[in-house]
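Everything on this sheet refers to the single structure shown next.
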Number of protein chains: 2
Amino acid sequence: MTSAETKAEPRGRLSATDWEQAALDVLAHGGVAAVAVESLARTLGVTKGSFYWHFPTREALLKAAIDRWEQRDEDQVIGHVERIVDPRERLRELFQRVSREVQSHLVYAALLQASDHPLVQPVIERISKRRLALLTAAYAEAGFDPRTARHRARLAYTAYSGFLQLNQRHGMPRMDQEEYQAYIDHVIETLVPA
Amino acid sequence: MTSAETKAEPRGRLSATDWEQAALDVLAHGGVAAVAVESLARTLGVTKGSFYWHFPTREALLKAAIDRWEQRDEDQVIGHVERIVDPRERLRELFQRVSREVQSHLVYAALLQASDHPLVQPVIERISKRRLALLTAAYAEAGFDPRTARHRARLAYTAYSGFLQLNQRHGMPRMDQEEYQAYIDHVIETLVPA
DNA sequence: CAGTCTCCATACTTGCGCGTATGGTTACTG
DNA sequence: CAGTAACCATACGCGCAAGTATGGAGACTG
């Protein structure tokens with residue numbers, strides 16, 4: 001009885017989507033390893049027998065869940081941020097969204113931590129390329145020459161993912177809301193000079 | 001026969017230190033999960049029977065190996081960098097060392113990825129605190145007010161660990177040596193203004 | 001209301017990696 | 001050169017989570 005033997009909410013019937021949703025939840029808080037079928041079944045109030053009707057294997061669920069997340073991310077984060085023209089605002093928005101929209105970033109952090117898994121490796125690569133391109137374009141628009149834009153984008157992105165890694169899960173003296181905002185402001189000020 | 005069933009170099013006898021050394025090697029390249037006793041035994045040219053003479057459990061080996069690494073890190077990286085007074089030079093040295101001294105940083109990256117493991121969690125916390133303090137002190141010496149120094153240090157450190165995470169293992173369009181140097185220079189220029 | 005399709009439970013089997021038990025071999029000491 | 005201690009091999013037990021086999025209960029269709 002370590003932690004999450006809790007819920008067991010018995011909705012009537014389940015669909016594949018329900019499993020994917022539940023998988024994303026535990027993925028966000030427990031990492032890839034925590035996505036286990038028997039455990040998931042318990043939190044959904046059913047048993048393995050149910051799972052293997054909807055999915056052929058655990059990997060299939062993982063892939064489906066991650067694909068769903070990537071799709072939502074493409075729409076919400078990218079689609080929304082991409083419309084902001086000012087790179088300063090764009091970067092601010094990206095970092096601000098780490099505090100709200102926690103779920104999505106938690107999943108990303110979990111995936112980062114399991115980047116050696118053959119299933120998530122290509123996902124991380126795609127996401128990284130995409131976001132890096134987004135940042136690079138932003139800096140280029142802001143007047144940076146291509147080379148500098150690439151470097152600055154990489155710096156911003158590594159700072160972003162390093163931040164996720166060092167905060168969301170463990171250690172690092174916790175920041176309160178005010179300190180967090182001050183930090184974000186500092187990052188913007190440092191990485192997006194006038 | 002996935003990958004590393006190779007070596008099997010039969011030195012005469014083995015000591016606990018040999019096992020710790022080998023553990024660090026596979027830890028650096030395969031992560032914490034790759035530190036498996038039977039696998040390690042094969043690469044050392046022996047069997048499990050040998051291992052359990054030197055160590056009571058796998059966790060014990062892991063702890064010993066990580067302790068050894070942390071000790072070496074304390075001496076080499078910190079001890080050496082700490083003597084550099086100019087923070088600009090100190091930061092440059094820290095980032096430069098990511099290319100040389102690969103082993104140590106690879107281990108750190110592997111530990112970062114397994115930061116949920118009860119054995120490495122306190123290690124990461126210690127290391128993070130220590131390095132963050134190092135950077136904070138450097139920025140403070142350089143004339144930053146305490147609050148800004150903390151923020152800048154955090155930014156530099158997250159950029160550092162994010163860089164490790166996104167490069168050393170997987171994805172991210174590989175940088176050649178020249179590009180890498182240019183990037184480092186850009187980071188220094190950006191994070192350590194005159 | 002008989003048949004079937006969907007969803008789920010129960011009881012297995014299987015693979016993998018840790019740990020144990022026990023005996024063998026080399027090295028070292030008196 | 002016995003005898004003991006350090007080091008290692010072989011063979012087993014065991015737990016855990018994935019995957020399988022099979023049958024049962026509710027819903028929907030003719």
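Each chain gets a letter, A, B and so on, in the order the sequences are listed, and its residues count up from 1.
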(message) Using a distance-only criterion (donor-acceptor N/O pair, under 3.5 Å, no hydrogens), is the base of D:dA18 paired with the side chain of A:K48?
(response) yes
(request) Report the residue (B:S15 or A:A33) whose heavy-atom-nearest nucleotide on DNA chain D is the more 5′ of the two. (result) B:S15
(message) Tell me the interatomic distance from A:Y52, atom OH, to D:dT22, atom P, rounded to whole angstroms.
(response) 17 Å
(request) Let me know, please, whether A:G49 or A:V37 comes out on the 5' side of the other along DNA chain D by nearest nucleotide. (result) A:V37
(message) Output the rounded distance in Å from CG (B:L40) to C1' (D:dC8).
(response) 16 Å
(request) Would you check if there is a donor-acceptor pair between the side chains of B:R131 and B:Y160 at a distance under 3.5 Å? (result) yes
(message) Does a side-chain N or O of B:S50 approach OP1 or OP2 of D:dC7 to a distance below 4.0 Å, or not?
(response) no
(request) Give the rounded distance in Å between these two atoms: CZ of A:R42 and C1' of D:dA18. (result) 14 Å
(request) Give a yes/no on whether any side-chain N or O of A:H54 is located under 4.0 angstrom from OP1 or OP2 of C:dT6. (result) no
(request) Would you kindly say whether A:R147 and B:H186 are connected by a side-chain donor-acceptor distance under 3.5 Å? (result) no
(request) Grab the CZ-C1' distance between A:F55 and C:dC7 for me, whole Å please. (result) 14 Å
(message) Tell me the interatomic distance from A:F51, atom CZ, to D:dA17, atom C1', rounded to whole angstroms.
(response) 12 Å
(message) Checking side-chain polar atoms at under 3.5 Å, does B:Q113 have a donor or acceptor matched by the opposite partner on A:S115?
(response) yes
(request) Figure out the CZ/P separation between B:R13 and C:dT26, and round it to whole Å. (result) 9 Å
(request) Please assess A:E125 against A:Q121 for the test side-chain hydrogen bond (donor to acceptor under 3.5 Å, both in side chains), listing each intermediate value before the final yes or no. (result) CA-CA 6 Å; A:E125 199 154 344; A:Q121 191 256 349; 3.1 Å; yes
(request) Would you indicate which nucleotide in C:dT10, D:dA9, D:dT20 comes nearest to any side-chain atom of A:T47? (result) C:dT10
(request) Figure out the CZ/C1' separation between B:R58 and C:dC18, and round it to whole Å. (result) 9 Å
(request) State whether a side-chain donor-acceptor pair under 3.5 Å links B:R152 with A:T190. (result) yes
(request) Provide, to the nearest angstrom, the distance between the CD atom belonging to A:E38 and the P atom belonging to C:dC12. (result) 15 Å
